[in-house]
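Take a look at the structure set out below.
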Amino acid sequence: MFIDAMGLILADNNKISLGELSKPRALAAVPFGGRYRIIDYMLSDMVNSGIKSVGILTLNKYKSLMDHLGTGASWDLDRKTFGLHILPPYVNSEATGVEDAEELAGILDYVRSNRSAYAIIANSNMILNTTFNDFVEKHEQSGADVSVMYNRDGTKYGIPNYIFDVDRKGYVKDMLFNPQKTTSNRCSLGIIVLRRELLLDLIAEMIARGERSFGVHAITKKYDTLRIRAHEYKGLVLRINNVQTYFNSSMMLLDDKVRADLFWKGMPIYTKVKDEAPALYSDSSTVSNSILSDGCRIMGSVTNSMLFRGVTISKNSKIHNCVIMQDVHVSENCELENVILDKNSVIRPGIKLVGHRDFPVVIGKGAIV
Amino acid sequence: MFIDAMGLILADNNKISLGELSKPRALAAVPFGGRYRIIDYMLSDMVNSGIKSVGILTLNKYKSLMDHLGTGASWDLDRKTFGLHILPPYVNSEATGVEDAEELAGILDYVRSNRSAYAIIANSNMILNTTFNDFVEKHEQSGADVSVMYNRDGTKYGIPNYIFDVDRKGYVKDMLFNPQKTTSNRCSLGIIVLRRELLLDLIAEMIARGERSFGVHAITKKYDTLRIRAHEYKGLVLRINNVQTYFNSSMMLLDDKVRADLFWKGMPIYTKVKDEAPALYSDSSTVSNSILSDGCRIMGSVTNSMLFRGVTISKNSKIHNCVIMQDVHVSENCELENVILDKNSVIRPGIKLVGHRDFPVVIGKGAIV
Amino acid sequence: MAKTDVVAMILAGGQGARLGVLTKYIAKPAVPFGSRYRIIDFPLSNCANSGIETVGVLSQYQPLALNTYVGNGHPWDLDRNNGGAYILPPYQRSGRSDWYKGTANAIYQNKDFIDDCEPQYVLILSGDHIYKMNYARMLRDHIQSHADATLAVLEVPWEEAPRFGILNTGADDVISEFVEKPKNPESNLASMGVYIFTWDVLRKALIEDENDPSSNNDFGKNIVPMLLKQGKKLVAYRFSGYWKDVGTISSLWEANMDLLDRPEEINLMDRSWRIYSRNPVKPSHYIADGAVVRNSALTDGCQIFGTVEHSVLSNSVTVERGAVVKDSVLMPGVTVRAGAYLNKCIVGFNTIIGEGVRAGATIEGKTPYINGKICSEGIVVIERGLKISDHAVIPANCQVDSDLEVDPAENVVEEVFRVV
Amino acid sequence: MAKTDVVAMILAGGQGARLGVLTKYIAKPAVPFGSRYRIIDFPLSNCANSGIETVGVLSQYQPLALNTYVGNGHPWDLDRNNGGAYILPPYQRSGRSDWYKGTANAIYQNKDFIDDCEPQYVLILSGDHIYKMNYARMLRDHIQSHADATLAVLEVPWEEAPRFGILNTGADDVISEFVEKPKNPESNLASMGVYIFTWDVLRKALIEDENDPSSNNDFGKNIVPMLLKQGKKLVAYRFSGYWKDVGTISSLWEANMDLLDRPEEINLMDRSWRIYSRNPVKPSHYIADGAVVRNSALTDGCQIFGTVEHSVLSNSVTVERGAVVKDSVLMPGVTVRAGAYLNKCIVGFNTIIGEGVRAGATIEGKTPYINGKICSEGIVVIERGLKISDHAVIPANCQVDSDLEVDPAENVVEEVFRVV
């Protein structure tokens, strides 16, 4: 049976920058994995858990996100009651009549208007395919105030990271932010569950204390006053902490096992429907070990790469180890290796671009090279 | 056949304040006429004209408006392509990468992404039930650059008003803002039509000139460089310029002819569906010359009044010449005359409130009296 | 279609002949009820409020109004991409085609639809009951009791028990016997026609029932007794609250009046369990100077210049000056002209009651319209889309049917309109 | 339902028997086409792109897949509150019930539906044609020419004219005569089965036709000739562009191949006239190291480890290492196991082609599956939901039908699955 919970997704993260890729858009709106944007994974996880009410907390730069999410219909969240709500940072400017927005009051209003028993709050830099039913059930049984998901990644995917020390009963007894050294490899996945009523109390307290920021780890850091249960997640998690991990995670999807865990477990990852034509391969195409999407037209050679929707690779062009986003046009006789091409960029004939595996070249949105 | 136009509605107006009523919400979101909010009339006019793409331009305080409009489903504007879009003031912060929003660039992007031949731009302080088919057709035939709707109200509904002088061919040759004296009674309805391409040029020019505000009359004031045709509208128009005109307009709806023109011409006024129960009248109710809405429970006396959805009038209470908004609770033994009660307010037992017809008492949203 | 735990199937196929002219052009579940609603709003809203998102509506008789009323399912939040509301008519397969025979056969014919949803449980509902019920709670009990089927039951007064299908139960409300209209009831637990089945149990039973040529293919008469005989575990789920079968003119009238006399029982004002309906898009209602409205339910688009007492008016009803409407149910768009008098009348969509018409329980007289089979307790039923002649007199227990051949002198129907 | 200028009615009722096993469980319009689409996506998308928002889909035969595919109409933006997509099955009226007889009878039986929309014009479409067409332009011409009916026509090569319904026209393309499959055609203007009628003209014609017991109740055979005889003004609307009736196995195969060989003709990449479809919600497709994909169309969820040449693959098709797929059309969920070889095959939903199977136009042999009535030009058709035995040999012009009784030695069907 489905869980009685609402979802809150933090669309942005002050601690994470993907350079050119997150400049024109919120972190959650960065394209990832062929047809998707980063937020699609967490949003689908929530929908697949039976959650029917999801609020998206934004900082700024959220036009892309609004365009992507639309009415919420692609996630079946275009509902009369609840459904998908984008909470703009200024949301409460009218609630209080005060011009300088207090984000927390807006969030408080939104959470209060809900009726669910639980709230799940998640950052949007984790890519995983799961449902939260087991997570919530274990939390319920434990009697803890908050449960937080972690895995054993430790600090290996770089900063930002939050490392938990837990006591023998599995409760958080310490949390370290970007530690140099640590005795624990329990790294937070930035996903927590708590009773909605408790969340209301916590937000009210934050407001009373004059705090203005809200987040998963602003709650987990209260481990000395709250009983915070650490819940280990053993499935696949891709962490998007910076451009390097973004590029590596994209390349990991070429692995059959990674794709199987992320896409073929029976829980679909939903995304905005684009109604592109099928991908068309010409006589002259050579493609191997690559992910390609609808609307692509392939006349050249594509190896070890990830192509989003509507990409054109012209004749005699060679693409190797690249991530190429929506509607990019690569002209004839180009050679690209270890390159990330953002949306709508155009590569003119005969261009050669070669990055390093650990330092991919990033071409910004709409650039003409 | 339907017209090939997009709509733009300005949800707010710096020149109009309805005091307590517009404090917690945009002008367009102020409740008016029983089941409706002010924007419902213009939005329905556009939908009834066959317009399938409407952008709502906001200043701030637009949470109520977002809640009211939802996915746009109530106006059948929850569409895959186009449909209803709320354009927040900061909409372009990501388009330019600049933090201080330039509203005009956001509007430019939105208008550019459309494909319609024409754009209709309207303020939201006019209540009328019409379609724009004739307006657009006449505009098309005339060869004018812009057409603007007016009627013969002159300055009698107070400020703000824009009075046009027209030449013999019906083109605007002068526009006066809040004039003391005038030779013309042609008062703008704040509704214009122009080719979308021309609108794009005008916005681009405004941006180039460093202008930051956008509005109907910012365009009509260009009558010396553009050929602006004045189009007379002869049907009923209610103007909401201030609390007095708001109150008077509400009372005018008690007139059979006014209601017939506004509600029973075959073009429905859509609004958010609330799924209230039917209104229930008890044994002890006395009601005359009043408009009442679903979800009301009437146990007292209601005369010459307008009750929105979910209002309770308890036993032995008397309501006369009042406008009572959604979910207001009037306890027993109250007497109210010439009062406007905003949403969710509560009148405790035995309270007597009497305003003057020209100076109604206004009780703010959620107040307990 | 998405995999889902539970699928609801609403039996909306019957003609509802006992409602007479009210179901001449529309299926019973599409009949207006309670000012703002249609009968089917109740099971649909119960599903929506219970979190059930895949609902099949089995229609067969005059499904057009039902089809367009349910439409995209939006009013009940059933316009889902995966799931939502589906109208399920009978259809042709390779080589054969059948209309629905009984309630069980209707489900049998749609077993592919149910299979496609891969549900564990199937909820079977009637399209003609007025009640609010949380099916999620019933399902929880069904799962916890490991039942093969759970039947919702209502305790009825013992003297009324012989009118119902009665369930005899043992410990833990396990059902031992189902008796249709028992003369000497052993129990007062009446079946409400709300069933939850574990799908694989029901699936087998439906196939078995279909292969039995002597079966009526009916849930109450055949499926439930068969499962009991096979020793399956059937459990009663006790419901308390308002419930009414509105299958007859008198019960339809009574249920409408219950909203006025006992509004707290069905409690339509409860915002935590709203009854959704397709909105007529009309302005708020208007009550004129000189009008009297008492003890009544009104909704959008009504315009009252006369007197309305103890009546239920659907949207866009006009009552002109001097007209009196008492103890009546007026469906959408009805106009009561000046000076007319209605008492205990049920009037169909858009009918115009002419000036000075006198109709209802208190009116005496003899006319060919009197119909004791359909009407009782003095109730007068008038078909939709008629203009009733000015000053016509329609006495108690009449059904005004435009197809009835009557002597011109006795005819009260001046005109027949098309009703959208 | 809202008043609207024009209502589109899509004739989706026929069984499509010439498509053999492909329409065993689903109606023809629901058959997958062109990698991402179903046949009905074309008329539905044309309606959406032409601004037509009220669309009736007349279904009768196996409507379940069609019903759930069209669902709430969302993919075509037809989930409107007023209007949208309606599935219109045959139904029972007070006292009678009929299945649809011919195309005209199907519309006749739904004239109440059309009347409720109060349209001036009705657009009649077929559910089995692949084309992109702006009906709004055709309607504009219909209005401007003051025609009673406008028929879309395509100039066909003169030698092919005898296969079509041919319209002979005079000045201003006014139609003088309709000739079904003329031996000696006077014109090469073929009717495309796309009609716009002024509704009151069609309404009268349908009633007249219904009263004629000798009529086949067919638009081409009866309604059009009747209107011509009555002197009504029928005008031809010339269409140029890609158009194909996909009513047979060979034309369905050809139309799929046209997407590869002449992609510019139907031009699915044109973003100003998208063809919408219900999205399968699968990840982007993957092409493995060592795979060969050439001259083909692929979509979401495909995983290719072998060779795909000149083929059209629907979503979630897997081609294992060493398998070769040539000149074939694989429907959603098909798996081609290692070492299998397919040539000119059309394979239904979710069928598994076993290891080392050899099937298609280039394969010779004799088996009971050979079916010259359904198959031609060597094309092999395989039913959905089968496991084809490893190393089976299926020669040219076979139709693999699980219901065909064959000698165990010759049987190539190892298993039959249920397909959702």
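In what follows, chains carry the letters A, B, and so on, assigned in the order in which the sequence lines appear, proteins first and then strands, with residues in each chain numbered from 1.
Between Val258(A) and Asp256(A), the closest side-chain pair of non-hydrogen atoms is not below 4.5 Å. Arg239(A) has its side chain within reach of Leu189(A): a pair of non-hydrogen atoms, C-beta onward, lies under 4.5 Å apart. Considering only heavy atoms from C-beta on, Tyr246(A) stays 4.5 Å or farther from Pro360(A) through its side chain. By the 4.5 Å heavy-atom criterion applied to side chains, Arg262(D) and Glu264(D) are counted as neighbours. A heavy-atom distance below 4.5 Å is found between the side chains of Glu276(A) and Arg271(D).
Listed for the Tyr41(A) side chain is a donor-acceptor partner under 3.5 Å among the backbone atoms of Phe32(A). Side chain of Tyr131(D) to backbone of Gly241(D): no donor-acceptor contact under 3.5 angstrom is found. Without hydrogens or angle criteria, Ser345(A) side chain to Lys365(A) main chain gives no donor-acceptor distance under 3.5 Å. In terms of modelled atom types and a separation under 3.5 Å, the side chain of Asn256(D) and the main chain of Trp253(D) share no donor-acceptor contact. Not one N or O on the side chain of Asp45(A) forms a donor-acceptor pair closer than 3.5 Å with the backbone of Phe132(A). Between the side chain of Ser44(A) and the main chain of Tyr270(A), a donor-acceptor pair closer than 3.5 Å is present. A donor-acceptor pair is defined here as one N or O able to donate and one able to accept, closer than 3.5 Å; no such pair exists between the side chain of Arg309(A) and the backbone of Gly295(A). Counting only distance, with no hydrogens or angles, the side chain of Ser282(A) and the backbone of Ser284(A) share a donor-acceptor pair below 3.5 Å.
Here the straight-line distance linking atom CZ of Phe239(D) with atom NZ of Lys132(D) works out to 9.5 Å at 0.5 Å rounding. Atom-to-atom distance recorded for Ile51(A):CD1 and Asn133(A):CG is 8.5 Å, nearest 0.5 angstrom.
Residues of residues 313-340 of chain A lying under 4.5 angstrom from chain D, judged on non-hydrogen atoms, are Asp327(A) in numerical order. Residues of residues 292-319 of chain D that come closer than 4.5 Å to chain A, counting heavy atoms only, are Val293(D), Arg294(D), Asn295(D), Ser296(D), Ala297(D), Leu298(D), Thr299(D), Asp300(D), Gly301(D), Gln303(D), Phe305(D), Ser316(D), ordered by residue number. Contacts of residues 36-49 of chain D with chain A at a heavy-atom distance below 4.5 Å involve Arg36(D), Tyr37(D), listed in sequence order. When the heavy atoms of residues 331-345 of chain D are compared with those of chain A, none of the residues falls under 4.5 Å.
For chain D, the nearby part of Arg259(A) is the side chain; its heavy atoms alone come within less than 4.5 Å. Using a 4.5 Å cut-off between heavy atoms, Asn304(A) does not touch chain D at all. Interface residue Ile269(A): only backbone heavy atoms are found under 4.5 Å from chain D. For Phe308(A), no part sits under 4.5 Å from any heavy atom of chain D, backbone or side chain. The part of His74(D) that comes within reach of chain A is its side chain, from C-beta onward, which places non-hydrogen atoms under 4.5 angstrom from that chain. In this structure, the portions of Ser285(A) lying under 4.5 Å from any heavy atom of chain D include both its backbone and its side chain.
Asp261(A) and Lys265(A) are joined by a salt bridge, as a carboxylate oxygen and a charged side-chain nitrogen come within less than 4.0 angstrom of each other. The pair Lys244(D)-Asp258(D) counts as a salt bridge, with a side-chain nitrogen and a carboxylate oxygen less than 4.0 angstrom apart. One finds a salt bridge joining Lys28(D) and Asp128(D) here, because a Lys/Arg side-chain nitrogen approaches an Asp/Glu carboxylate oxygen to under 4.0 Å.
Chain D forms more heavy-atom pairs under 4.5 Å with one residue of Ala73(A), Cys296(A), Ala279(A) than with any other, namely Ala279(A). With chain D as the partner, the residue from Val273(A), Leu262(A), Leu292(A) showing the most heavy-atom pairs under 4.5 Å is Leu292(A). Of the residues considered (Thr286(A), Asn289(A), Val287(A)), Asn289(A) shows the highest number of contacts with chain D, using heavy-atom pairs under 4.5 Å. Among Thr271(A), Leu254(A), Leu253(A), Asp78(A), the residue with the largest count of heavy-atom pairs under 4.5 Å with chain D is Leu254(A). Ranking Asp294(A), Ile291(A), Leu280(A) against chain D, the residue ahead of the rest is Asp294(A), based on heavy-atom pairs under 4.5 Å.
For Tyr135(D) and Trp273(D), the distance between ring centers is not under 6.0 angstrom.
Inspection of the Ser284(D) and Ser293(A) side chains reveals an N or O donor paired with an N or O acceptor under 3.5 Å.
Within a 6.0 Å radius of CZ in Arg80(D), other residues, nucleotides and ligands contribute more than 12 heavy atoms. Other residues, nucleotides and ligands place more than 12 heavy atoms under 6.0 Å from the NZ atom of Lys80(A).
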